[in-house]
Amino acid sequence: MNSALGSLIDLWPALVAGAFGAFVPKRPSWWERAGVGLIAALLAMFVMWMWPGAEQQQVAGEWPHLLNVLIGLPLIGSFFILFMPRQSPRVLRGLTLGILLVDLLASLWLLQVPMSTGWHFVYVHEWIPAFGIRYHVAVDGISLWLVLLTTFITPIAAYVTFGSIKTRIKDLCFSFLFLQAAMIGAFVALDLFLFYVFWELMLIPMYLMIGVWGSQDRIKAALKFFLYTMAGSVLMLAAMLYLVYTYSQLTGEVSFSLLALNKVLLPQQAQLLCFWAFAIAFFIKVPMFPVHTWLPDAHVQAPTGGSIILAAILLKMGTYAYLRFAMGLFPWAAGTQAANLAGVAVLGGIIYGALCSWKQDDFKRLVAYSSVAHLGYVMLGLFANTHTSTQGALLQMVNHGVSTGALFLLVGVIYDRRHTREISEFGGLAKVMPVYAAVFLVVTMASVGVPGTNGFVGEFMVIMGTYTSPYLGKFHWVDAAVAAFGVILAAVYMLSVVQKVFFGPLKNPKNAHLPDLNVREGIALVPLVIMIFVIGLFPSVFLSRSSQSVSDFHTRNRLVWNESQAANPEPRLLTNDILAGSLSGSSRDELMKRLEALDGQEPGRKPDDKGSKDETLAIQEESK
Amino acid sequence: MTSIPLEYYLVVAAVIFVIGACGFLARRNALIVLMSIELMLNAVNLTLVAFNRWYASHHVGQMFTFFIIAVAAAEAAVGLAIVVALFRLKRTVRTDSVDLLKN
Amino acid sequence: MESLLSLFPNPEDNFPLIAVILGLPLMGALINGIFGKRLGPEGVRTMALSAVGGSFLASLAAFLLLYARVQQASASLSEGAAVPHVKFVWNAWRWLALETTSIDVVFAIDSLSATMMLVVTGVGGLIHLYSTGYMAGDPSYHRFFAYLNLFIFSMLVLILGDNLPILFVGWEGVGLCSYLLIGFWFEADKNASAGKKAFITNRIGDFGLLFAMAMILHTTGSLSWAGIEARAPELFNELQIWPIGVAPSWLPAFLTSPVVVNYATLIGLALFLGCAGKSAQIPLYVWLPDAMAGPTPVSALIHAATMVTAGVYLVARMSFVFVLSPTAMMVVAGVGAFTALFAATIGLVQHDIKKVLAYSTVSQLGFMFMGVGVGAFASGMFHVVTHAFFKACLFLGAGSVIHAMHARIHDTDASQDMRNMGGLRKYMPKTYWTYMAATAAIIGLPLTAGFFSKDDILFRAFVNRIQPSGLLKDLAIRNAVQKAGAPLSDEAREAVVQGLHIPEWFSTAVFVVGVTAAILTAFYMLRTVFLTFFGDFRGWRIVPGWKNDDHDHDHHASHAHDEPIDGPVPHESPWAMWVPLVVLAFFALFAGWVNAGPFHLTAFSHWLEPSMQSGLKMVTTIKQGDELTHLEHLLLIPGVLAFLIGSGAAYWVYYVKKGEPARQAAQSAGGLYRLVLDKWRIDELYEATVLGAFHSLAETAALFDKWVIDGVLARLTTIVIQSFGSLFRAFQTGRVQMYAAVMVVGLFATGAYLLTAHGEVVVTKDEAGGMYIVEAAPGLGYKYRWDRDGDGVWDNPQLEQDETWTLLQKVQVQVPPGQETKVRVEVQNAFKMTKIREIVLRRPLPDKSRPDPVGMNVPIEVMP
Amino acid sequence: MINAIVEQGLFYVSALLAVAGALGTVASKSAIRSAMSLLATIVGIAGLYLTLSAQLLAAIQILVYAGAIVVLFVFVIMLLGGQVQPNQDKRTSSSRAIGAGLFALSAILAAVLVARAGLGGPHLFDPPRIEFGSVSELGRVMFTDGVIAFELIGVLLTTAIVGVMAVARTRHAKTNAKSKEVGP
C-alpha cells in the first residue's frame with residue numbers, strides 16, 4: 001500500500017497542475033474543465049518525465065532534450081489545441097503560430113553546434129525494452145538541414161493557410177502541429193521502430209488536410225495518397241522485422257536501433273530483397289517514376305498550406321529515408337542496383353516528369369510534375385553515391401523545398417482570387433499584378449535553375465557528381481548528359497506557363513481587377529525569396545555543415561562494400577575491426593575512432609549522482 | 001449393468017445429435033429449431049455420462065451434464081422469450097422472414 | 001599612374017576595384033528595379049547612366065593599371081622570353097566545395113577580359129545614353145534601365161569570372177536579361193514568345209556548357225582557367241560514346257563497333273554547342289532574328305555588341321582546350337564560315353531594316369568564329385571589338401530612323417520596313433553620315449576598322465595550321481595498334497599522324513567562303529543605305545507644319561501605296577541619340593589602326609597574346625618571316641576586290657537603276673526568292689522536326705501517365721478489390737440457418753482433413769557429405785512404411801516382428817555424388833487411411849566453377 | 001441374470017424411445033406433436049442415464065427438462081395460438097430430398113469410417129462402485145471442486161430470468177417519442 005501512496009506523492013506536481021487546469025476555464029460544463037485539467041496533468045508529467053533524471057551523454061553546448069522539445073512541443077500543443085474552445089479562432093491561430101515560431105527558434109540552436117563526426121543532441125530513453133525499442137533521437141549533418149527546413153516551412157505554410165481557410169480552424173491547427181511533430185520526429189529518429197511510427201503518423205494530418213479542406217474530389221485523392229504510402233511502408237515493416245530477427249539470431253539480443261542493425265551483413269539474395277522492400281517504400285514517397293501518380297492528384301486537391309508542406313517536406317522524407325535507411329543498411333545492394341535505378345531516376349523522373357508537366361493545363365498538376373522532375377535530380381544524386389552528388393542531392397532537397405514551396409504558395413495566391421487552377425483562365429496578369437509577376441518570375445528562375453539562385457547549385461553538384469560516379473558503370477556520362485538535358489525541359493515548361501499566365505494581352509475580363517499581393521502573402525514570400533538567393537550565392541554555408549557526415553557515411557559504405565564483395569551465404573555481423581580490416585597504425589586508429597563515433601557511444605546507465613544533476617540543471621537554466 | 005458396451009451409447013447419442021442438427025438446419029419454424037437445439041444438448045449430455053461411466057473414478061462427466069442442463073434451461077427460456085417478442089412484432093415465427101442482418 | 005599603382009599595393013592577389021566595376025551596375029539595377037517608380041524618369045536616368053559610367057571609368061582605370069603593370073613586367077624581362085600573363089585577382093567568397101576541388105567566387109582581369117570589359121562598359125554606356133532618348137515616354141521606363149544595368153552586370157561577371165562556373169553564372173544571367181529585354185513589351189504575344197524562344201535556345205547551348213563542365217571536372221579535376229590549363233594533358237583520356245552500356249550481341253557488328261572519342265574533342269564540341277547557342281551560329285541562330293522584337297537599343301547592346309560575342313570570348317578564353325583537338329577547331333571554323341555565308345544570303349532580301357542588321361550580325365559572328373576556329377584568336381577578338389563599334393552604330397542609326405518613322409507610323413513592323421523609307425538623307429543628316437561611316441567599316445572600305453579586322457581574319461584563315469600535340473599522336477597510335485592488334489609499320493604510323501591534321505583544302509575553302517560572304521555583306525549593307533537614305537521618301541506625303549491632332553482619322557497607317565497618308569517632316573533625333581552615333585562612327589572608322597596587320601601595327605595582338613599563350617603554341621603558319629608579310633600583302637587584293645564588287649553591284653542595282661533589276665530578279669526566280677525571303681524556312685523545319693517531336697512526346701507522356709500508369713496502378717486495383725467484395729457479399733443472406741449451414745460445411749471440411757492421412761516429407765540435405773535425412777510429418781496414431789532404395793519393396797531399417805508398419809518417422813539415406821535415389825514412404829492414420837509419398841534425392845556433382853559474386857569490382861581505395 | 005435382461009431391455013426401450021422422439025420432434029407438422037415427441041426423447045434419455053447408473057441426473061433430467069423446459073415450450077405454443085402452424089415450406093420437395101440424401105450419405109460414410117477404425121472391439125463397462133452416481137457422491141463433488149461453477153450457474157439463471165423479462169415485456173409501459181409501438 002505504501003508504495004502506491006509513495007508514487008502518489010511523487011506525482012504531486014501533476015495533481016496540482018491537474019487541479020489548477022480544472023479551474024481555469026470559466027465554462028460551466030464539467031467535462032471541459034476535466035479535459036483541460038487532464039491535459040495540464042499530462043503536461044506536468046511530461047515535464048517531470050523529461051526532467052534530466054536519466055543520465056544523458058553530456059556534450060558541451062548540446063542540451064540533450066532539444067530534440068524532445070522540437071518534437072514534444074508541437075505534439076503537446078496539438079492536443080492542447082483540441083481542448084481549446086472552437087469559437088475563438090484567433091486564439092487558436094495565435095497559439096499555433098506561437099508554438100511553430102518557438103520551435104523555429106529552438107531549432108536554430110542546432111546551428112551553433114559544428115556537425116563533427118558522429119551524432120549530436122543524442123537522447124536515448126527506453127521505450128519497449130522487451131523488443132529493444134528505444135526512443136533514440138539524434139541529429140547529424142545529413143538530417144540537420146531537413147529539420148531546419150521543416151521548422152522553416154511549416155510556419156510559413158500555416159501563416160498563409162490561415163489567410164485563406166476560414167472553416168474548422170481547430171482541426172487545421174491540430175493538423176499543422178501534429179504534422180510538424182511527426183515530420184521532425186521522422187527526420188531525427190535513429191530507431192527503426194520509432195522512425196516507422198513517425199512515418200505513419202505523418203499520414204494522418206496530411207490525409208486530414210487533403211480530405212477536409214481540399215477541392216472537388218478530395219476524398220479520392222486523400223485516400224489514394226494514404227493507400228500508396230501505406231502499401232509501401234508495410235513492405236518496409238516486413239524487411240525491418242526480418243532484419244531485427246537476423247540481428248537477434250546473430251547477437252542474441254533484440255534491438256531496433258539503426259546503429260546496431262547496420263552492422264548486419266545479409267547474404268546477397270536476402271540483402272537485395274530487403275533493400276528492394278525498403279527502397280520501394282521510399283520510392284513511393286519520393287515519388288519515383290512508376291509510382292508517382294498519387295502526387296498530382298494529392299496536390300491538385302490539397303489546400304495551399306497542405307500543398308506547400310506536402311511538396312516542401314513530405315517528399316523529402318522519401319529521399320532522406322532512402323539515404324539514411326536503404327543505403328545505410330544495405331550499401332552493397334544499393335551499390336549494385338544504382339546503375340538501373342539511376343536510369344529510372346533520369347528517364348522516368350527528370351525527362352518524363354518535365355514532359356508531363358509541359359502538357360498539363362492545371363497549374364498545380366504542372367507544378368506537381370515539376371517536383372517529380374526536381375526529385376529525379378535528388379534521387380540521381382543519391383544513386384550516384386559520390387561525395388559531391390550526395391551533397392548536391394541534400395542541397396537540392398532543401399532547394400526544392402524552398403522553390404516549389406514558394407511556387408505552390410504563388411499558385412495558391414491566384415487560386416484564392418479566381419478559385420480556378422486552369423492556366424487558360426489567366427493571361428496578361430503582369431500588367432494587373434506587377435509585384436506578383438516579379439516574384440513569380442524570380443521563383444521560376446529558381447525552379448528552372450538559373451545560376452545565382454538555389455536551383456542551379458543543387459543540379460550543378462548532382463550533375464558533376466553523377467559524371468564521376470563509379471557506381472553507374474558505363475552509363476555515368478549518359479546519365480549526366482540527360483540530366484543536363486533536363487535543364488532545358490525545365491526552362492521549356494516553366495517559361496511556357498509563365499508566358500500563358502503573365503504575358504500576352506489581357507483576354508479574360510475577370511482578371512482585370514485582381515488585387516496584387518496582400519501583406520500576409522508578402523510576409524510569407526519574403527523569407528522564401530531571401531532563402532533562394534542566400535542558398536544560391538552562399539551554398540558553402542550549408543554544404544560545410546553536412547560534408548563531414550556525408551564523407552563519414554560514404555567511408556562506412558565503402559568499407560561495407562569492400563567487405564561484402566566476398567560471397568557470404570550466411571548473415572554476418574560486421575564489427576568495426578572487421579571493417580577496419582587491412583588498415584594498420586595511425587590510420588586504423590583514426591578510422592576506428594570515426595566508426596565508434598558513428599555508432600554513437602551508448603549513453604552509460606550510470607546512476608545519476610549529485611554532480612551531474614546540478615550540472616544539467618545549470619544548463620537548463622541558461623538555455624531558458 | 002455391464003452387458004451393454006460403450007459404443008452403443010455413443011451411436012445413440014450420435015444419431016440423436018444428427019437428427020437435432022438436421023432439425024435445426026431444415027426446419028423453418030423457430031420453435032422446432034429451439035427444440036432441435038435441446039435435442040443436440042441432450043445427445044451431448046448422454047455422451048458425457050457414457051464416458052463418465054467408462055472412467056468411473058470421478059464424476060466430472062455427470063457434473064458437467066448437470067451444468068449443461070442448467071444452461072439449456074436458461075437458453076430455452078431466453079430463446080422462447082425472443083420468439084414471443086418476434087411473433088408479437090412480425091406475426092410469424094418463420095425464421096427466413098427474419099433477415100435484418102442482410103442489408 | 002603611379003598614384004593609382006600605390007593605391008592598390010598588390011593587385012595580383014586582391015584588387016577591390018573589380019568589386020566597384022561589378023557593384024555599380026548591380027546597385028543601379030537593384031535601385032532602379034525596386035525604387036524606379038518613385039525616382040521618376042530623371043532619377044532613373046541619372047542612376048543608370050552614373051552606374052554604367054562609373055563602371056566604365058573604373059574599368060578604364062583598371063585597364064591602364066594593367067597596362068602599366070604589363071609594361072613594368074615586360075621591361076624587366078630578358079629578350080625573347082614570353083610576356084608574363086599578368087592577372088589582377090579579387091577573391092570574393094567560397095562558393096561551393098566539391099570532392100576534388102572547391103569553386104570560389106573569384107574575378108580576374110587579364111588582357112583579354114580587360115579589353116572586353118572596356119567594350120562592354122564603353123559601348124554599353126553609349127547605348128544607355130542613347131536609350132534615355134529612345135525610350136523617353138515609355139511607361140515602364142525604370143524597368144527597362146533596371147534590366148539594362150542587370151545585363152551589364154551579368155556580362156561583366158561573364159567576362160571577369162576566373163573559373164567556368166562563375167562564367168556560367170554570367171552566361172545564364174545575360175540569357176535571362178535578354179529574355180526580359182526581348183519580351184520587354186510583353187503585352188504583345190509575339191514579343192513574349194520571341195523572348196521565350198531566345199531563352200530556350202540559349203538554354204540548349206547552356207546544356208552543352210554544363211556537360212562540358214562535367215567532363216572537364218572529371219578529367220582535370222578543376223574548373224578554373226589555371227587549373228584546367230595545368231592539367232590539360234589529362235584531356236587525352238578517352239570515352240566510349242557508342243555503344244552505351246553493354247550492347248546486345250544480336251546487333252550487327254557495325255552497330256556495336258565501339259566509337260571512342262578523346263575528351264579534348266568532346267569538351268571542345270560541347271563548349272562550341274554552348275557558344276553556338278549564345279552567339280547564334282548555324283544550328284541555334286534562329287532566336288537572333290526574332291529577338292529584334294525587343295527595343296532597338298537592346299538589339300544594339302545585346303544582339304550586336306556584347307552578349308552574342310560571349311561565345312567568341314569563351315573560345316578565346318578556352319583556346320588551350322580547343323587547340324588540343326584539331327577536329328574541334330575544324331568544326332568551329334567550318335560552322336563559322338558556313339554561317340557567315342548562309343546568313344549573308346538571307347540578309348540580301350529582307351525588307352525589315354532590323355532583320356537585315358540581325359542577319360548581318362549572324363554573318364559577322366560567323367567571321368569571328370572563322371577567325372578563332374583557325375587559331376587566330378587575337379584577330380577574332382579584334383573583329384569582336386570593331387564589330388561592336390560599327391554594328392552598334394548601325395543598329396542605333398536604324399533606331400533613330402525608326403524613331404523618326406514612329407512620328408507617323410506606329411505599327412512596329414511597318415515603321416521598320418525599308419519600303420516605307422527612302423530619301424532620309426535630306427531630313428536626317430547626322431544619322432545619315434554616321435550610318436554611312438559604319439557601313440563603310442562593315443563592308444570593308446580600305447583603312448577602316450572593319451577592313452583591317454576582316455582581312456586579318458581572311459589572311460589568318462589562309463595561312464594558319466593547327467599542329468596536333470605529341471600526346472594526341474601517341475593516343476592515336478596506341479588506338480591504331482590496339483585495333484590492328486600488331487605493331488604498326490612506319491608508313492602506317494605516318495598515315496595515322498597525318499590523319500590527325502586538318503586537310504589542306506579546308507583552309508582555302510574557308511578563305512573562299514569568307515571572301516564570298518564579304519561580297520554579299522558589301523551588297524546588302526549598301527542596299528539598306530540606298531533604300532533608306534537615297535531616292536525619295538515613300539513613307540507618307542510630307543506636309544510641312546503638319547500637326548498630329550487634325551489628321552488622326554486614318555490611324556491604321558498601312559504602307560499600302562494606294563492612298564498615301566500625309567505626315568510631318570521626318571525630324572532628326574535629339575542630341576542624346578546622335579552623340580553616341582558620332583562617337584561610335586569615329587571608332588568604326590579609326591579603331592582599325594590598333595591592329596593594322598599590313599602596316600605592321602599589331603599592338604592589339606601583342607596586348608592579347610599573353611592570355612592565350614598555351615593556345616598559340618599549337619598554331620603555326622605555312623610561311624614564316626618576310627614571306628609571310630609578302631603573302632599578307634598579296635591576300636589584301638581579294639579583300640579589296642570583294643569590297644569593290646559588292647558595293648559596285650549594289651550601287652548599280654539600287655542607285656543607278658533604282659532597284660529595278662532586283663524586282664525583275666525577284667519575279668524571275670519567284671520560288672527561290674520566296675524561299676530566301678522566308679529565311680530558307682529553317683524555323684518551319686525546326687517546328688516540324690525537333691519541336692514537333694517533343695510536343696508529341698510530351699502529349700504521349702501525359703496521356704500515358706494518365707491512362708496507363710494511373711490506370712494500372714490505381715484503377716485496376718480498385719476494380720479487382722471491388723469484384724472480390726461483391727463475390728463475398730453474396731454469402732451474407734441474413735438468415736441464421738444459412739450461417740449455420742456454412743458452419744456445418746466448414747465442420748465437414750476440417751473433419752475430412754483430420755480423417756485423411758498426411759505425413760508430408762521434409763528432406764534436410766548436406767550435399768557435401770551426401771547424407772540426406774528424410775523425415776515424414778508426425779500425426780495421431782500414425783504408422784509408417786519405408787522403401788529406401790525405391791525398388792518397390794518396403795525395406796524398413798529395423799523390421800519389427802509381426803507387422804510391417806513401424807513408428808519410425810525419420811530415415812537416413814546415403815547418396816553417392818552425381819546420382820539420385822528415390823525414397824518412398826507409406827503413412828497410415830488412426831482410421832486406417834493410407835497415403836504414399838515419393839521423393840527423389842538428387843546430389844549434384846561438386847562444380848568448381850562457382851561464379852564470382854554479383855557486382856562490379858569497383859576500384860575503391862579505403863578512405864582513411 | 002434377470003437384472004441383466006431387465007437392464008438390456010431398459011436400454012433398448014429407452015434408446016428406441018429417444019430416437020423415435022427425436023425424429024418426431026424434427027419431422028412432425030404441428031408444434032404440439034413435436035413438443036410431445038421432445039418429451040418422449042427426454043424420458044428416453046433419462047432411462048439411458050439410469051442404465052449408466054447416473055440416478056441423480058436421470059431425476060434431474062425428468063425434473064428440469066421434462067417438467068420445466070418442455071412445459072415452457074408447450075406454454076409458448078399455446079400462447080402463440082393457431083398461427084404457429086407454419087404454412088407449407090416453400091422449398092420444393094426436390095431440395096428437401098437432396099438434403100436428406102446428402103445427410104444419409106454422410107451418415108453412412110461416418111459409420112463406415114468408425115467401423116474401419118475398430119478401435120479394439122466392444123468396451124464393456126466393469127461393475128460400478130456402489131456410490132457411483134449417487135446423490136451424496138455427486139453432491140460432495142459438486143460442492144468441493146465445482147463450487148464456483150455452481151455459483152456461476154446461479155448467476156446465469158438469474159440473468160436469464162431478467163433477460164426474459166426485458167425481452168418479452170410489452171412495450172407500452174414506456175411510451176417515449178421515437179419508438180413506434182407495435183403489438184397488443
Side-chain angles (χ1 to χ4, degrees), chain A residues 224 268 290-291 293 332 335-336 352 355-356 358-360 386-388 428 430-431 445 450-452 457 460-461 463-464 467-468 470-471 473-475 477-478 480-481 484-485 487-488 491-492 495-496 499 503-505 538-540 543-544 547 555 558-559 561-562 565-567 583 587 590-591, chain C residues 93-99 102 105 165 168-169 171-173 175-176 179 183 186-189 191-193 196 199-200 203-204 206-207 210-211 213-215 217-218 239-241 244-246 694 697-699 701-702 705 709-710 713-714 850 852-860 862-864:
Chain A
K224 191 172 182 178
Q268 286 169 354
V291 282
T293 47
W332 173 80
T336 46
Y352 181 79
L355 287 179
C356 282
W358 188 12
K359 286 300 164 187
Q360 298 301 336
T386 56
H387 181 81
T388 318
K431 191 145 278 312
M445 287 309 137
V450 166
V457 182
F460 176 73
M461 288 182 77
I463 292 172
M464 295 304 144
Y467 198 91
T468 56
Y471 288 92
K474 284 190 165 41
F475 294 93
W477 68 278
V478 176
F485 186 76
V487 155
I488 303 172
V492 165
L495 292 185
S496 68
Q499 179 176 352
F503 302 142
F538 307 102
S540 61
L543 295 173
S544 58
S547 75
T555 314
R558 223 169 267 126
L559 293 176
W561 170 275
N562 293 348
Q565 289 305 34
L583 276 177
S587 64
E590 202 266 343
L591 179 62
Chain C
W93 62 81
R94 157 70 49 88
W95 195 25
L96 39 89
L98 299 179
E99 208 161 346
S102 73
V105 179
F168 194 66
V169 170
W171 192 271
E172 288 226 8
L176 172 67
Y179 164 72
F186 51 75
E187 289 81 10
D189 252 338
N191 302 346
S193 48
K196 182 179 80 167
F199 189 82
I200 289 174
R203 201 71 189 195
I204 295 175
D206 301 348
F207 150 69
L210 206 57
F211 190 48
M213 274 199 267
M215 285 193 276
L217 188 66
H218 176 64
L239 176 72
Q240 176 182 337
I241 355 178
I244 303 169
V246 182
F694 270 98
L697 192 64
E699 259 131 32
D705 189 80
I709 295 186
D710 208 16
L713 276 181
R850 275 187 71 74
D852 66 353
V854 175
M856 300 160 281
N857 38 20
V858 176
I860 304 274
V862 172
M863 272 225 316

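Chain naming here is simple, since letters A, B, ... match the order of the sequence lines and numbering starts at 1 in each. As the structure is a prediction and not an experimental result, all values here were calculated from the model.
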- Below 4.5 Å, heavy atoms only, C-beta onward: do A/L355 and C/F694 meet side chain to side chain? yes

Scored by heavy-atom pairs under 4.5 Å with chain C, the best of A/A491, A/P539, A/C356 is A/P539

If one checks every heavy atom of A/V450 against chain C at 4.5 Å, the contacting part turns out to be both

Separation between CH2 (A/W358) and CG (C/L697), nearest 0.5 Å, reads 9.0 Å

* Asked: With the threshold set at 4.0 Å, does a side-chain nitrogen-carboxylate oxygen contact exist between A/K359 and C/D705?
  -> no

Chain C shares the most heavy-atom pairs under 4.5 Å, among A/A430, A/G452, A/S496, A/A484, with A/A484

Under 4.5 Å to a heavy atom of chain C? For A/P290 that would be backbone

Assert top hit (heavy-atom pairs under 4.5 Å, partner chain A, pool C/M213, C/M215, C/E99, C/E172) equals C/E99

So, the part of C/I241 with a heavy atom under 4.5 Å from chain A: the answer is both

### Task
Compare all side-chain heavy atoms of A/Q268 with those of A/T336 and state whether any distance is below 4.5 angstrom.
no

Honestly, the part of A/F485 sitting under 4.5 Å from a heavy atom of chain C is both

C/G175 and C/F199 have their tightest heavy-atom pair at O-CD1, 3.7 Å

dist A/M445:CE -> C/L176:CG (nearest 0.5 Å) comes out at 5.0 Å

Comparing A/V457, A/V487, A/T468 against chain C, the one with the most heavy-atom pairs below 4.5 Å turns out to be A/V487

When the 4.5 angstrom heavy-atom criterion is applied to A/S544 and chain C, the contacting part is neither

So OG of C/S102 and CZ of C/R94: to nearest 0.5 Å the spacing works out to 3.5 Å

Whatever's closer than 4.5 Å to a heavy atom in chain C on A/L495 counts as both

Most contact-rich option vs chain A, by heavy-atom pairs under 4.5 angstrom, among C/W93, C/F168, C/Y179, is C/W93

Counting heavy-atom pairs under 4.5 angstrom with chain A, the leader among C/N191, C/V105, C/I200 is C/I200

In terms of heavy-atom pairs under 4.5 Å with chain A, the winner among C/Q240, C/R203, C/H218 is C/R203

Applying salt bridge (charged side-chain N to carboxylate O under 4.0 Å, His left out) to A/K431 and not counting sequence neighbours gives C/E187

Is it the case that the side chain of A/T388 and the backbone of A/M464 share a donor-acceptor pair, with hydrogens and angles ignored and the cut-off at 3.5 Å? no

Turns out that what part of A/W477 lies under 4.5 Å from chain C's heavy atoms comes down to both

